[in-house]
Amino acid sequence: MNSDEPTMHFISGSDKIKITNIYSYNERSDMMKNLLSKVFSKKAKIQIEFCQNNLDRFLNEQTIADYGKFLENPRIQYKEYECLSECKLCKKTPYAKVNGQIMSGEDSQDLLNKLYDELK
């Protein structure tokens, strides 16, 4: 018998025969981890910080609505600051800090597309 395979025991009950699998402690532990990870799998929340000056510079009515819809996602936690001290970048392109890392786009829609990619 292969030691990696669970052993089977026949247990006689009232008028039925029950077959039970006997697993090692490690096998049971791995099975429980797999089950729990499937049941309770959660993707991490994404922290996004925006510079209000940058938003004012690059967003228009349409992109404001698109960003509003994006920010409704429960996995997103965001804050708007008056300034994030990235003045040179702020003047050139729309940007945000995502989990502490700067992410920029060619335009506000490109940045939004990149932010959506972070959710995947």
Side-chain angles (χ1 to χ4, degrees):
M1 178 181 285
N2 186 344
S3 62
D4 294 337
E5 295 178 11
T7 56
M8 299 185 90
H9 293 270
F10 295 96
I11 302 172
S12 59
S14 54
D15 59 341
K16 297 180 181 177
I17 296 177
K18 296 180 183 178
I19 300 174
T20 60
N21 289 329
I22 307 299
Y23 295 95
S24 72
Y25 174 78
N26 288 338
E27 290 170 322
R28 284 192 309 266
S29 177
D30 289 344
M31 288 170 47
M32 185 58 73
K33 286 177 188 174
N34 288 338
L35 174 66
L36 291 175
S37 68
K38 288 178 185 174
V39 172
F40 296 108
S41 67
K42 280 188 173 181
K43 292 187 177 182
K45 290 194 181 275
I46 297 172
Q47 305 279 335
I48 303 175
E49 298 174 4
F50 292 102
C51 171
Q52 186 60 49
N53 293 324
N54 187 260
L55 293 175
D56 290 344
R57 184 173 286 124
F58 289 101
L59 294 185
N60 59 40
E61 285 185 32
Q62 177 58 45
T63 53
I64 287 173
D66 293 342
Y67 273 74
K69 182 179 177 186
F70 170 76
L71 295 172
E72 290 175 357
N73 188 306
R75 287 188 46 221
I76 296 173
Q77 295 178 336
Y78 72 97
K79 290 184 181 180
E80 290 181 28
Y81 295 94
E82 188 174 333
C83 179
L84 290 176
S85 300
E86 299 289 341
C87 301
K88 288 182 181 180
L89 178 64
C90 186
K91 290 177 184 176
K92 293 183 203 174
T93 185
Y95 79 96
K97 285 189 179 178
V98 180
N99 296 326
Q101 301 296 315
I102 293 178
M103 177 181 289
S104 64
E106 293 178 22
D107 56 31
S108 58
Q109 191 60 50
D110 183 46
L111 176 60
L112 183 59
N113 291 339
K114 290 178 179 182
L115 291 171
Y116 269 112
D117 288 344
E118 287 292 311
L119 286 176
K120 295 178 183 175

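All residue numbers in this chain count up from 1 along the given sequence.
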If you measure from [atom1] on [X] to [atom2] on [Y], what distance do you get to the nearest 0.5 Å?
| X | Y | atom1 | atom2 | result |
| --- | --- | --- | --- | --- |
| Glu86 | Glu49 | CD | CD | 10.5 Å |
| Lys97 | Cys51 | NZ | SG | 10.0 Å |
| Thr93 | Met103 | OG1 | CE | 12.0 Å |

I'd like to know if [Y] and [X] are part of one continuous hydrophobic network [Ile/Leu/Val/Met/Phe/Trp/Tyr, side-chain heavy atoms within less than 4.5 Å].
| X | Y | value |
| --- | --- | --- |
| Leu55 | Ile102 | no |
| Leu84 | Leu59 | no |
| Phe58 | Ile64 | no |
| Leu71 | Leu111 | yes |
| Ile48 | Leu89 | no |

Given 3.5 Å as the limit, does a donor-acceptor pair link the side chain of Asn54 with the main chain of Cys90, or not?
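Looks like yes, one N/O pair under 3.5 Å.
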Can you pull out every salt bridge (Lys or Arg N to Asp or Glu O under 4.0 Å) where at least one residue sits in residues 105-118? Sequence neighbours excluded, please.
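Output for this query lists Asp110-Lys114, Asp117-Lys120.
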Going by the rule side-chain hydrogen bond (donor to acceptor under 3.5 Å, both in side chains), which residues pair with [X] if we only count those two or more places apart in sequence or in a different chain?
| X | result |
| --- | --- |
| Ser108 | none |
| Glu82 | none |
| Glu80 | none |

Arg75: what forms a side-chain contact (heavy atoms from CB on, under 4.5 Å) with it, not counting sequence neighbours?
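Only Lys43, Ile46, Asn73, Leu119 meet the side-chain contact (heavy atoms from CB on, under 4.5 Å) criterion with Arg75.
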Return each pair, listed once, that meets ring-ring contact (aromatic ring centres under 6.0 Å, His included) where at least one residue sits in residues 63-115; pairs must be two or more places apart or across chains.
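Found Phe70-Tyr116.
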Are Thr63 and Asp66 linked by a side-chain donor-acceptor pair shorter than 3.5 Å?
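The answer is no; no qualifying pair exists.
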